[in-house]
Amino acid sequence: MSETLERVPIKVRRHDSWPDIPAHVPMELVHELDYLDENSRTDPFSVTENIYNELPPVFFSPQFNPVLYKGVWVVTRYEDIREVYQNDALYSTEGAAGFQRLVGETFQMLPLAADPPDHGKYRLLLNPWFSPKAINVLEPQIKGVINELIDGFIDKGECDVAFDYGRIYPVKVFLNLMGFPFDKFEDFLEWEYAILHSRGDAKKMTWGTQGALTYLRSFIEEVRKSPNDKLGSAIVHGQIDGRPATEDEIIGTIFFLWVGGLDTVAATTSLMFRRLAQDPSLQQRLRENPELVPEAIEEFMRMQPLVNSSRKVKADHEIHGVKIKKGDHVMCYNTAGNFDPNEFENPREFRLDRQANRHFTLAGGPHRCLGSHLARRELRLALSEFLRRVPPFRVKEGADMRAYPGLIAAPRLPIVWTPA
Amino acid sequence: MKVIARKDACAGHARCHAVAPEVFDLDDVGYISFYEKEVPAGLEAQARRGVRACPERILRIEGETLD
Ligand code: HEM
């Protein structure tokens with residue numbers, strides 16, 4: 001497939017329509033990022049390949065999420081990202097992922113928006129449900145969901161692996177884990193899609209968010225009356241630090257799980273199959289050596305860092321000599337950091353023999369993705385079961401190969417194979 | 001050979017366990033279960049791989065520096 005030359009992040013000047021750039025930000029450190037642009041590269045994330053040559057290690061991006069943050073400091077180096085993730089005394093998650101505020105909600109996204117030590121009290125309730133051991137118990141059910149989907153298209157010789165596979169199985173797994181009734185499946189898919197894929201259409205986003213919240217609140221009332229042995233019920237009846245969880249804590253936790261656990265896995269799946277469909281030799285290698293699949297999942301995740309975390313600064317300090325002030329926001333730019341040559345040799349190369357693959361796609365420090373072990377298991381099974389059953393596949397002729405280097409990823413990806 | 005863990009800084013990635021399950025025992029919720037542990041004979045190479053896999057850099061082999 002042909003590589004089109006895309007823009008790398010470009011330098012920009014002050015612009016009238018931007019929110020005010022804080023006075024302590026030197027103009028020469030103001031740079032805008034174009035990373036949300038979709039592109040047709042084999043590796044959509046390679047739009048940042050020149051970032052270390054062209055931009056300083058920390059710079060100010062005025063347009064990144066201007067509604068919530070009024071611009072952020074962006075750190076791009078792997079070591080700086082690790083410091084921001086780990087140093088919770090200096091970097092707070094206060095207000096993080098706060099897009100529910102846009103529909104007038106005042107609850108916090110939990111456990112994300114809580115700092116240690118409070119944060120630990122929420123994780124204490126949730127961690128047992130997401131430990132590697134707990135995920136072992138879920139494995140047969142995940143496998144069942146995945147194989148049922150494969151049954152549906154295997155004889156057809158084609159499927160939309162993003163829309164009909166990656167988009168679906170995380171929702172089914174999640175319904176079961178949480179104890180949501182199965183007939184909510186279609187609604188969940190629609191709300192989720194409206195929130196993520198309406199490309200800035202505020203009306204649709206609001207519709208999706210409100211639809212989900214209204215339903216989740218009625219669900220909470222129901223399990224309050226009749227508890228069961230699923231995670232949703234465990235949260236509703238949960239104890240935080242020896243007292244019952246509040247309304248806000250319950251909806252904040254359930255809604256954030258809903259937001260965090262569905263699209264992330266769907267998007268990762270779509271990009272993983274996008275690479276595989278274009279790389280027959282990688283496909284072949286994994287078919288012949290299924291024991292390499294876990295290593296491959298780590299490398300897919302490293303090369304597809306979907307989420308860049310933001311933190312609120314708690315005290316004035318400097319990063320690489322740049323003055324950062326209390327109240328500023330700092331973003332861990334994994335879109336660059338997962339390709340830092342000081343941490344990853346030949347970083348733009350997909351490799352199955354990395355000595356250590358310490359990527360931050362699932363974050364780090366106390367907020368390390370709660371669902372990381374579930375996500376890894378889902379991805380592993382989605383890949384290994386597919387390769388086990390479906391013959392070698394390729395992209396369908398004429399398919400739109402554009403993808404976003406972020407959560408929207410590749411919403412559609414038709415692939416074809418010759419049925420056995 | 002001894003593995004040393006800054007247990008309180010463990011974030012539960014469980015990457016050490018993924019590459020060297022016999023060396024890195026996890027607690028019930030998936031975090032490292034020890035501050036230090038004698039590496040069982042024959043598992044030295046595995047132990048080193050596990051140490052290197054930690055994204056938080058909280059693991060080391062006694063007397064050795066991290067790369
Ligand atoms: C490949 C899939 C996934 C990716 C790339 C991903 C990524 C992330 C990242 C980067 C964070 C940190 C956010 C921050 O620091 O601001 C995070 C946190 C979180 N994720 Fe995931 N995630 C994935 C799957 C899941 C799943 C399946 C679930 C649950 C069902 C989940 C639930 C959470 C929760 C609850 C947090 C907050 C943890 C805390 O604050 O302590 N994630 N995730």
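The structure presented is a predicted model; accordingly, all values stated were derived computationally and were not measured. In the text below, chain A, chain B and the rest are named by the order of the sequence lines, each starting its count at 1.
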ask   = Would one find more than 12 heavy atoms of other residues, nucleotides or ligands at under 6.0 Å from atom NZ of Lys143(A)?
value = no

task = For the pair Asn127(A) and Tyr31(B), evaluate side chain to side chain contact (heavy atoms under 4.5 Å, CB included) and give the outcome as yes or no after the intermediate values.
result = CA-CA 10 Å; Asn127(A) 276 342; Tyr31(B) 289 66; 3.3 Å; yes

Contact origin within Arg354(A) toward chain B - heavy atom pairs under 4.5 Å = neither

key: Salt bridge Arg57(B)-Glu343(A), side-chain N to carboxylate O under 4.0 Å   = yes

ask   = Relative to chain B, which segment of Ala363(A) carries a heavy atom at a distance below 4.5 Å: side chain, backbone, both, or neither?
value = backbone

query = Which residue out of Gly365(A), Ala356(A), Ser372(A), Ala134(A) racks up the most heavy-atom pairs below 4.5 Å with chain B?
reply = Gly365(A)

inquiry  = A side-chain contact here means heavy atoms from C-beta on lying under 4.5 Å apart; do Leu26(B) and Pro132(A) qualify?
reply    = yes

ask   = With a 4.5 angstrom heavy-atom cut-off, which part of Ala53(B) approaches chain A: side chain, backbone, both or neither?
value = backbone

note = Greatest number of non-hydrogen atom pairs under 4.5 angstrom with chain A, of Gly12(B), Ala14(B), Ala9(B), Cys10(B), falls to Gly12(B)

request  = Determine whether more than 12 heavy atoms belonging to other residues, nucleotides or ligands lie under 6.0 Å from atom CD of Glu291(A).
outcome  = yes

Donor-acceptor contact below 3.5 Å, side chain Arg358(A) vs main chain Arg52(B) = yes

task = Please flag which part of Phe360(A) lies under 4.5 Å from any non-hydrogen atom of chain B: side chain, backbone, both or neither.
result = side chain

task = Would you check if the side chain of Glu56(B) reaches a backbone N or O of Gly364(A) as a donor-acceptor pair within less than 3.5 Å?
result = no

inquiry  = Can you tell me which of Cys54(B), Ala18(B), Ala11(B) forms the most heavy-atom pairs within a distance under 4.5 Å of chain A?
reply    = Ala11(B)

request  = Name the region of His373(A), side chain, backbone, both or neither, that has any atom closer than 4.5 Å to a heavy atom of chain B.
outcome  = side chain

task = Could you pull out the closest heavy-atom pair between His13(B) and Arg368(A), with the gap in Å?
result = CE1-CG, 3.3 Å

message = One thing to verify: whether Arg15(B) and Glu298(A) come together as a salt bridge, which I'm taking to mean a side-chain N less than 4.0 angstrom from a carboxylate O.
response = yes

